[in-house]
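Residue numbering restarts at 1 for every chain, and letters A, B, ... go by the order of the sequence lines. Quick caveat, the model's predicted, so the values are computed rather than measured.
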Amino acid sequence: MVRLAADEPFEPRTVAGLDVTYEPGSGRCAAAVVVLDAGTLEVVDESTAFGTAAFAYVPGLLAFRELPPLMAALGELTVVPDVLVCDGYGIAHPRRFGLASHLGVVTDRPTLGVAKNPFTGVYEPPGDDRGCWSELREDGETLGRVLRTRRGVKPVFVSVGHRITLDRATDLVLALCTRYRLPEAIRRADRLSRRLLRGSSGSPAAEGEPGTGRPVDPVERQQARLRDGRAYR
DNA sequence: GCGACAG
DNA sequence: ATCTTGTCGC
C-alpha cells in the first residue's frame with residue numbers, strides 16, 4: 001500500500017466531490033460523486049446511487065445518514081480518486097470525527113471537509129480577499145479554517161478528514177474554487193444528485209450498467225471490489 | 001437549565 | 001437539506 005509521509009509533496013491527479021440530495025417529504029435521497037482532473041478540472045468520472053435515509057437528521061450524526069448512499073455511489077466509480085472532498089466537516093466536529101473523517105477511514109483515501117455553515121468551535125471573520133482565512137478553534141486546539149474562497153462572499157469552513165494536512169486541504173479547496181464560492185467538485189456533485197432526484201419518481205433501483213459481468217447492485221459491486229482488494233486499499 | 005447545532 | 005420570485009449589484 002502506498003502511503004505518503006507527512007512531509008511528502010501531495011500532488012493529487014484526481015479529486016472527487018461528494019454530495020447527497022434529499023427529497024422533501026420522504027427520506028428518499030440521491031448521492032453523487034464527480035471526479036475531476038486536479039489540473040484541468042475536467043470531469044474524469046462520475047457515479048450516483050439512490051438511497052433512503054435511515055433516520056432523521058441529527059447534528060453530529062450526519063455521517064451515519066450519508067455514508068451508506070455515498071459508499072454505494074463510490075462503488076460505481078471506475079477510478080479510485082486521489083482525494084475526496086466532502087460536503088460537511090472532518091475533525092471540526094463535537095467528537096472530532098465528522099463525515100469526512102468517516103469517509104477517509106472507510107475508504108482509506110485522503111479526505112477533507114468543506115462546510116457552508118459553522119458547527120462547533122469559535123473564530124474571527126477572515127479578511128475580505130480570496131485566500132484569507134482565520135482559525136477555527138475550540139478548547140485550545142485548531143479544528144480547521146474559515147476560508148474566503150471569493151472576494152466578499154461568505155467564507156467556507158475547511159477541516160481535515162483523513163491523511164491530509166490543513167495546509168494542503170486549504171490549498172486544494174482554493175484550487176477548486178475558480179469561479180464560485182464552493183469547490184467545483186462539490187458543485188458538480190450537487191448538481192448531479194439534484195438532477196438525478198428530480199428526474200426520477202418511481203423505481204429507486206433503475207441504475208446500473210448492463211453488459212458488464214459485474215453486479216448491478218451498488219452495494220454488492222462495492223463489496224465485490226473490496227473482496228478483490230481493488231478498491232480503496 | 002437553555003439555546004445552538006454540518007446536511 | 002427543502003419550500004421559492006424577483007431583485008440588486010458587479
*Roughly, in whole Å, what's the span from CG in Leu18(A) to C1' in dG7(B)?*
13 Å

*Under the criterion side-chain contact (heavy atoms from CB on, under 4.5 Å), which of Leu112(A), Leu136(A), Asn117(A) is the partner of Tyr89(A)?*
Leu136(A)

*Under the side chain to side chain donor-acceptor pair (under 3.5 Å) test, which residues partner Thr21(A), sequence neighbours left out?*
Ser193(A)

_Short N-O contact, Arg191(A) and Glu46(A), less than 4.0 angstrom_ = no

*Heavy atoms under 4.0 Å, any strand shown: does Arg194(A) hit a base, just sugar-phosphate, or nothing?*
sugar-phosphate

_Centroid separation Tyr22(A) to Tyr57(A) less than 6.0 Å_ = no

*Is there a side-chain polar atom (N or O) of Tyr22(A) under 4.0 Å from OP1 or OP2 of dG7(B)?*
no

*chain A contact limits on DNA chain C, taken 5' to 3' with a cut-off of 4.0 angstrom to heavy atoms*: dA1(C) to dT2(C)

*Ion pair present between Arg148(A) and Asp129(A), side-chain N to carboxylate O less than 4.0 angstrom?*
no

*Least distance between heavy atoms, Ser101(A) atom then Arg96(A) atom*: OG-O, 4.3 Å

Which pairs of donor and acceptor atoms, one on a side chain in residues 172-183 of chain A, lie under 3.5 Å apart (sequence neighbours left out)?
from      : atom 1 : to        : atom 2 : distance (Å)
Arg181(A) : NH1    : Lys154(A) : O      : 3.2
Arg181(A) : NH1    : Pro155(A) : O      : 3.0

*Which residue pairs satisfy the salt bridge (charged side-chain N to carboxylate O under 4.0 Å, His left out) criterion with at least one member in residues 53-64 of chain A, sequence neighbours excluded?*
none

*Taking CG from Asp87(A) and C1' from dG7(B), how many angstroms apart are they, rounded to a whole number?*
7 Å

*Is DNA chain C part of any stem, that is, at least 3 consecutive Watson-Crick or G-U pairs with both distances under 3.5 Å, and where?*
none

*Can you list, by residue number, the residues of residues 113-138 of chain A that have a non-hydrogen atom closer than 4.0 angstrom to DNA chain B?*
Ala115(A), Lys116(A), Asn117(A), Pro118(A), Phe119(A)

_By the 4.0 Å heavy-atom rule, please label Leu61(A) as base, sugar-phosphate, or nothing._
base

*Within-4.5 Å side-chain heavy-atom neighbours: Thr149(A) and Val114(A)*: no

*For salt bridge (Lys or Arg N to Asp or Glu O under 4.0 Å), just list the numbers for Asp19(A) and Arg188(A), CA-CA rounded to whole Å, side-chain angles, deciding distance to a tenth of an Å, and then say yes or no.*
CA-CA 9 Å; Asp19(A) 193 31; Arg188(A) 279 255 165 69; over 6 Å; no

*Report yes if the ring of Phe157(A) lies under 5.5 Å from the six-membered base ring of dA6(B) with planes under 30°, and no otherwise.*
no

*Over how many whole Å does the gap from Asp19(A) atom CG to dA6(B) atom C1' extend?*
12 Å

*Decide whether Glu135(A) and Thr142(A) meet the rule of one side-chain donor and one side-chain acceptor closer than 3.5 Å.*
yes

_Separation of atom CG in Leu103(A) from atom P in dA6(B), rounded to whole Å_ = 18 Å

